[in-house]
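Start at 1 with the first residue, then count along the sequence.
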Amino acid sequence: MDHLPPEIQSQIVSVLADDTTIPIRRRLARYSTVSHHFRAAVEERTFRNLTLTTHDLPWFRYLFGGANLRRRGYLRQILFRFELPNEAPNPCCDTGRVVDRNADSSSFTESVKMLFSILNDLRNNCPRSPPPLYLRFVNATRKTDLPNWQYGRRKLKEGDHNKRDPILAEIQRGWYDMLPAAAEKLPAIGDVTEFDFGCGDQLRDLGRQWIGLVLGKMPHLETLTLDVWDNIEWGRKIRRRLRKDLETSLLNLPFTHLKHFNLGIYSNRVKDESLNPPSLIHDRNDNTDGDMSSITLLSHLSTLPHLTNLYLDGPLLITPGIFSSLTPNAFPALKYFHLDFAPETADGRWFFERDHGFVEEDADMDSVWETPDEEYYDYEMELDMKKEPKPLHHSSKDPDYEGPVSQSRCHMNHYRILPTNATVAPLLLAAAETAKNACSLRKFVMRACDGLSYDYTEFVKPSMKRPFLIMLLRPDEICSDMRIKLGFDEEHYRQQNRMWWRVGDRWRPEGDVIKAWKAAVGYGGTVGFLMEYQIKTTRYDDMFKTTKYDDMFIGDPELV
């Protein structure tokens, strides 16, 4: 067997590993004794990608230590799952859970310390530099966790809790985090070049201080994916604190080698758009027009010498001034920029307003079936479109309340579909200047999104849409990754500098905004608005009527 080329041995091992007739743990182990070279091929496949838990760490040290140190040369990926201490037994439901956050912090810290210690020892003992490593913190669980379907059924025990109790319980349980004293002794792991944090399960309850403490021990990090949760029900005080901790953690990291950064801050929406959204600016007495958290963070990222890809998702809560503090030398290496931002601002305003001239029209009338009005829900009764709804003053309904906040008594009232120049124009003007000055930029995308309900927001009128998407594309770049089908052949413009606007047909930016983006596109470039219309389809199921409006792009863009 040793006379076979290594490539052939690897192919044989791949075929054996895919043999589903054998239990997965025994597919390759029994072949490792065939020969020394075949054993190396088996180990290369077996130890390339590992999924570990807290209780696997001693076994991980044993499998890669001593005479098995060569296996580090095969390791490329570690998916790590934290196991937290058990909670108090027999909770009535998810709301009644009792956890010890001090114990959770200690357990999380010890797991990170042991994992980093093992990786550092392997790096120091390897005869030659080990290959780059991808590390992902997948989730955190407890042995006492109920299956998801049982938690769903027992989330709120009838008679013992009201709808506000789950929010209060989550706030009272608090968050756990990395212990700073222990983090000072955390060894560096220079071979981790890609890190991914996905806030799965009870990692959602992890604070933000660990970010600076843990990532600071990865000096050669090139790719970072960081997802955190931001719940409006937590209230303004807690959200500000977590937002500030995130900013502080990231600002303290030099990111000398960082090339790709994906930041996702996921939040739920303000249900009633007649209310003022909460202001998350740290200093309420600060009169500057900007969210100092996002502005300072973006300014820090703009100085990174090797950053080529920046994806900001969630969508993020920003203010019109997010680009205003960037210097002409910002983003020296940036090639791809993508920002998904929420319709509300971080300083308590909106990027959108009511379209008072909106009249719902039936598109594609041939697809509509006539039916008596009483057989389906009348949207006109939900909201009088001619009047601006009055703000609700009850604290449990007001998302600007210091917190915790309950929206359980708020009805869905989404109606803001028209960009408002008071907030959108400053945002677009500063963004255009940033795009113009970024000398290496290939693609610049900004999109308004509705959080976790993107593409599924239920407006007060079924034909209402909130399209807002701008794309600046350099030659050979295309917009096929934006999930839209253009009504024209993009190849016709592919070799040009160009910018497409998707903002519907009822709003156009002011002249100075268009001028600024033409300057960003460059001389001889193309700026146009995508033309679209809606196809209305109606379905009937028993006594219910379902109406759906799909967007379709038609014809050539409207060039300006």
- [ ] Over all heavy atoms of both residues, which pair between L559 and T526 is shortest? Give the atoms and the distance, please.
- [x] CD2-CG2, 3.4 Å
Task: Stepwise side-chain contact (heavy atoms from CB on, under 4.5 Å) test for F60 and L119 - done: CA-CA 10 Å; F60 175 48; L119 293 176; 4.1 Å; yes
TODO: May I ask you to decide if S299's main-chain N or O and S302's side chain share a donor-acceptor pair within less than 3.5 Å?
DONE: yes
- [ ] Could you grab the distance from atom CG of L316 to atom CG of L339, nearest 0.5 Å is fine?
- [x] 6.5 Å
Task: Non-hydrogen side-chain atoms of W350 and T423 separated by less than 4.5 Å - done: no
Open item on the list: If I take atom CD1 from residue I318 and atom CD from residue E344, how far apart are they, to the nearest 0.5 angstrom?
Closed with: 11.0 Å
- [ ] For the residue pair W210 and F108, categorise the inter-ring angle as parallel (less than 30°), tilted (30 to 60°) or perpendicular (more than 60°).
- [x] perpendicular
Open item on the list: Strictly distance-based, threshold 3.5 Å: is any side-chain N or O of T308 a donor or acceptor partner for the main-chain N or O of K259?
Closed with: yes
- [ ] State, yes or no, whether a side-chain contact exists between F331 and L310 at a heavy-atom distance under 4.5 Å.
- [x] yes
- [ ] Verify, without hydrogens or angle tests, whether S107 (side chain) and P85 (backbone) share a donor-acceptor contact under 3.5 angstrom.
- [x] no
Task: Side-chain touch L213/V112, heavy atoms, less than 4.5 angstrom - done: no
Open item on the list: If we ignore hydrogens and angles and just use 3.5 Å, is the side chain of H220 paired with the main-chain N or O of G190 as donor and acceptor?
Closed with: yes
TODO: Side-chain contact test, heavy atoms from C-beta onward, threshold under 4.5 Å: evaluate it for P320 versus V424 and give yes or no.
DONE: no
- [ ] Taking all non-hydrogen atoms of both residues into account, name the closest pair between P219 and H257 and its distance.
- [x] O-CD2, 3.2 Å
Task: Short side-chain to backbone donor-acceptor contact, R239 and L280, under 3.5 Å - done: no
Task: Nearest non-hydrogen partners of Q77 and L133, listed with the distance - done: N-CD1, 3.7 Å
TODO: Output all residues satisfying ring pair (Phe, Tyr, Trp, His ring centres under 6.0 Å) with Y62, sequence neighbours left out; order by chain, then residue number.
DONE: W59
Task: Pair D104 + R101, salt bridge at N-O below 4.0 Å - done: yes
TODO: Establish, from distance only, whether the side-chain atoms of D56 and T53 form a donor-acceptor pair under 3.5 Å.
DONE: yes
Open item on the list: Between R173 and D205, does any NZ, NE, NH1 or NH2 come within less than 4.0 Å of an OD or OE carboxylate oxygen?
Closed with: no
Task: Side-chain ion pair, E490 and R498, N-O less than 4.0 Å - done: yes
Open item on the list: Applying salt bridge (charged side-chain N to carboxylate O under 4.0 Å, His left out) as the test, list every pair that has at least one member in residues 106-124; sequence neighbours left out.
Closed with: R61-D121, E110-K113
TODO: Return yes when atom NZ of K217 has more than 12 non-hydrogen atoms of other residues, nucleotides or ligands closer than 6.0 Å, and no otherwise.
DONE: yes
Task: Audit row: D230, V228, side-chain contact (heavy atoms from CB on, under 4.5 Å) steps and yes/no - done: CA-CA 7 Å; D230 176 35; V228 295; over 6 Å; no
- [ ] Would you kindly say whether Y176 and Q202 are connected by a side-chain donor-acceptor distance under 3.5 Å?
- [x] no
Open item on the list: Would F80 and L50 count as a side-chain contact (heavy atoms from CB on, under 4.5 Å) here? Give the steps.
Closed with: CA-CA 8 Å; F80 193 78; L50 296 181; over 6 Å; no
Task: Between N268 and N231: side-chain donor-acceptor atoms closer than 3.5 Å - done: yes
Open item on the list: Using modelled atom types and a 3.5 Å cut-off, is there a donor and acceptor pairing between side-chain atoms of R416 and backbone atoms of F352?
Closed with: yes
TODO: Any chance you could measure L246, atom CG, to L263, atom CG, to the nearest 0.5 Å?
DONE: 6.5 Å
Task: Distance in Å, M471 CE paired with K443 NZ, rounded so as to fall on 0.5 Å steps - done: 8.5 Å
- [ ] Determine yes or no for a side-chain-to-main-chain donor-acceptor pair under 3.5 angstrom, with R72 supplying the side chain and P131 the backbone.
- [x] yes
- [ ] Can you see which heavy atom on L135 is nearest to which on V192, and at what distance?
- [x] CB-CG1, 4.2 Å
Task: R442 side chain reached by Y336 side chain, heavy atoms, under 4.5 Å - done: yes
TODO: Classify the angle between the aromatic ring planes of W175 and W234 as parallel (below 30°), tilted (30 to 60°) or perpendicular (above 60°).
DONE: perpendicular
TODO: Kindly indicate whether the side chain of L427, heavy atoms from C-beta on, has any atom under 4.5 Å from the side chain of F323.
DONE: yes
- [ ] Measure across P315 and S267 and return the closest heavy-atom pair with its distance rounded to 0.1 Å.
- [x] O-OG, 4.4 Å
Task: Beyond-backbone contact of I470 with L428, side-chain heavy atoms, under 4.5 angstrom - done: yes
Open item on the list: Can a donor-acceptor pair be found, under 3.5 Å and without considering hydrogens, that links the side chain of R474 to the backbone of V521?
Closed with: yes
TODO: Mind telling me whether W507 and W501 have parallel, tilted or perpendicular rings, with 30° and 60° as the class edges?
DONE: tilted
Task: Sole residue of W517, F529, F488 in ring-ring contact (aromatic ring centres under 6.0 Å, His included) with W500 - done: F488
TODO: Scan side-chain atoms only and decide if D347 and T345 contain a donor-acceptor pair under the 3.5 Å cut-off.
DONE: yes
- [ ] Drop me the distance from R466's CZ to I417's CD1, to the nearest 0.5 angstrom.
- [x] 8.5 Å
- [ ] Would you please say whether a donor-acceptor pair under 3.5 Å links the side chains of H260 and N262?
- [x] no
- [ ] Using the side-chain contact (heavy atoms from CB on, under 4.5 Å) rule, take I265 and L317 through it: C-alpha gap first, then chi angles, then the decisive distance, then the call.
- [x] CA-CA 8 Å; I265 304 179; L317 285 169; over 6 Å; no
Task: Polar side chain donor-acceptor pair, D476 to Q495, under 3.5 angstrom - done: yes
Open item on the list: Keeping R76 on the side-chain end and G73 on the backbone end, is there a donor-acceptor pair under 3.5 Å?
Closed with: yes
Open item on the list: Can you classify the ring geometry of F137 versus F195 as parallel (below 30°), tilted (30 to 60°) or perpendicular (above 60°)?
Closed with: perpendicular
Open item on the list: Could you measure the distance from the CE atom of M446 to the CZ atom of F337? Nearest 0.5 Å is fine.
Closed with: 7.0 Å
Task: L69 vs L122 side-chain heavy atoms within contact, under 4.5 Å - done: yes
Open item on the list: Looking at S111 and T54, would you say the former's side chain and the latter's main chain have a donor-acceptor pair under 3.5 Å?
Closed with: no
Task: Shortest non-hydrogen contact between A333 and P305, atoms and distance - done: CB-O, 3.3 Å
